[in-house]
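Okay, so here's the structure we're looking at.
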Amino acid sequence: MIRTLIVDDDFRVAGVHAGFVEEVAGFAVVGTAHTAAEARARVRELTPDLVLLDVYLPDESGLAVLPELQTDTIVLSAATDSASVAAAIRAGALNYLIKPFTTRQLAERLTSYARFRGLLADGRTLAQDDVDRAYRVLHDQDRTSAPKGQSTATSRLVSEQLRRAGRPLSAAEVAGELGMARATAQRYLTALAESGTVQMRLRYGATGRPEHEYRWSGA
């Protein structure tokens, strides 16, 4: 089993991500951490094989922690600026997955990482072809950056609308604000709820059937 530590400032989001990881064959979550200091302590204590690391931590940037961990790391973060991505890569991150993401997107990265790890696990001398194959395998499924039929840009627009609203919105309300079809807004909101980026619950009116409403979780 690939022993995985999840580092995220939000307790609930860390739990959602733990659920995602546990669904992937060959992976087990050994713990969570919610600050940079706790991440360092948990790595020393648990010696995980893999760390899933957020950038936005309350006491210190995850990018400052990354070089110290000496553990395979994949960054999971809402930080989309090029400086953060470049810093993560320079510090040794094996992959960088931007929130919001779906269960499938994380599972694809983890599966690729497991294959990469397997190629380098036996201690044998590698030829250049072996090294090239390991790099290809590590990012083999990165092309599938959004669920089929969805765009990353639109997903971020929907996320930003919820974040700015500061209150729960229905699919119809999001659609009206962004000028898209209600069914389209519903698809994106469902994917965001699956990823743990937004919270979904039922809204009950005076009459008629209840409808789903969505609140930004701060992931």
Side-chain angles (χ1 to χ4, degrees), residues 4 6-25 27 29 32 50 52-56 62 74-81 84-85 88 93 95-114 139-204 209-219:
T4 306
I6 296 170
V7 182
D8 196 290
D9 69 311
D10 188 301
F11 285 77
R12 193 190 62 80
V13 171
V16 170
H17 291 173
F20 286 2
V21 173
E22 293 284 2
E23 292 179 7
V24 181
F27 286 80
V29 175
T32 60
L50 176 67
L52 302 183
L53 178 67
D54 194 7
V55 170
Y56 297 132
I74 294 175
V75 172
L76 310 179
S77 181
T80 59
D81 61 287
S84 292
V85 176
N95 213 319
Y96 195 111
L97 187 56
I98 294 173
K99 299 176 181 177
F101 52 82
T102 65
T103 309
R104 187 189 72 172
Q105 290 169 291
L106 179 57
E108 288 167 344
R109 268 64 176 185
L110 294 178
T111 300
S112 293
Y113 167 73
H139 297 284
D140 186 42
Q141 301 190 67
D142 287 5
R143 293 182 300 276
T144 55
S145 58
K148 186 175 181 180
Q150 294 191 12
S151 81
T152 301
T154 303
S155 182
R156 289 179 191 159
L157 281 174
V158 173
S159 298
E160 184 62 18
Q161 180 61 35
L162 285 175
R163 189 186 67 79
R164 288 198 308 264
R167 62 181 178 86
L169 298 176
S170 68
E173 290 167 333
V174 171
E177 291 289 340
L178 297 178
M180 63 175 62
R182 182 190 179 283
T184 300
Q186 184 68 66
R187 286 199 302 272
Y188 282 91
L189 288 165
T190 298
L192 290 168
E194 179 186 352
S195 74
T197 303
V198 305
Q199 300 173 9
M200 179 178 68
R201 64 184 183 186
L202 288 176
R203 175 191 292 176
Y204 294 91
R209 297 174 57 187
E211 63 179 339
H212 287 108
E213 64 177 17
Y214 303 85
R215 179 190 291 274
W216 176 250
S217 71

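Val75 approaches Ala88 most closely through the heavy-atom pair CG2-CB, 4.1 Å. Shortest non-hydrogen contact noted between Val29 and Ala18 is CG2-O, 3.7 Å.
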Quiz item: Can Val7 and Asp54 be said to form a side chain to side chain contact (heavy atoms under 4.5 Å, CB included), step by step?
Solution: CA-CA 6 Å; Val7 182; Asp54 194 7; 5.5 Å; no
Self-check item: Check against side chain to side chain contact (heavy atoms under 4.5 Å, CB included), Gln161 and Glu173
Solution: CA-CA 10 Å; Gln161 180 61 35; Glu173 290 167 333; over 6 Å; no
Quiz prompt | Verdict with reasoning, Val158 to Met180, per side chain to side chain contact (heavy atoms under 4.5 Å, CB included) | solution = CA-CA 10 Å; Val158 173; Met180 63 175 62; 4.2 Å; yes
Practice problem: Check step by step if side chain to side chain contact (heavy atoms under 4.5 Å, CB included) holds for Thr80 and Tyr96. | Solution: CA-CA 10 Å; Thr80 59; Tyr96 195 111; over 6 Å; no
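Listed by chain and residue number, nothing satisfies the salt bridge (Lys or Arg N to Asp or Glu O under 4.0 Å) test with Arg182 (two or more places apart in sequence, or in another chain). Partners of Ser84 according to the side-chain hydrogen bond (donor to acceptor under 3.5 Å, both in side chains) rule, which considers only residues two or more places apart in sequence or in another chain, are Asp81.
For the atom pair CG of Asp8 and CG of Leu76, the computed distance is 8.0 Å after rounding to the nearest 0.5 Å. Note: Leu97 CG to His17 NE2 = 8.5 Å, rounded to the nearest 0.5 Å. The OG atom of Ser112 sits 8.0 Å away from the CG atom of Asn95 when rounded to the nearest 0.5 Å. Within the model, atoms CD of Glu211 and OG of Ser170 stand 4.5 Å from one another, a figure rounded to the nearest 0.5 Å. Tyr188 contributes atom OH, which lies 14.5 Å from atom OH of Tyr214 (distance to the nearest 0.5 angstrom). To the nearest 0.5 Å, the span separating CD on Glu160 from CG on Leu178 amounts to 10.0 Å.
Taking the side chain as every heavy atom from C-beta outward, Ile98 and Ser77 never approach each other to under 4.5 Å. Taking the side chain as every heavy atom from C-beta outward, Tyr56 and Lys99 never approach each other to under 4.5 Å. Glu23 places a side-chain heavy atom less than 4.5 Å from the side chain of Thr103. Between Arg201 and Arg215 there is a side-chain heavy-atom pair separated by less than 4.5 Å. The shortest distance between side-chain heavy atoms of Leu53 and Ile6 does not fall below 4.5 Å. The closest side-chain heavy-atom distance from Leu169 to Leu189 is not below 4.5 Å.
Ring pair Tyr113/Phe27 is tilted by interplanar angle, where 30° to 60° counts as tilted.
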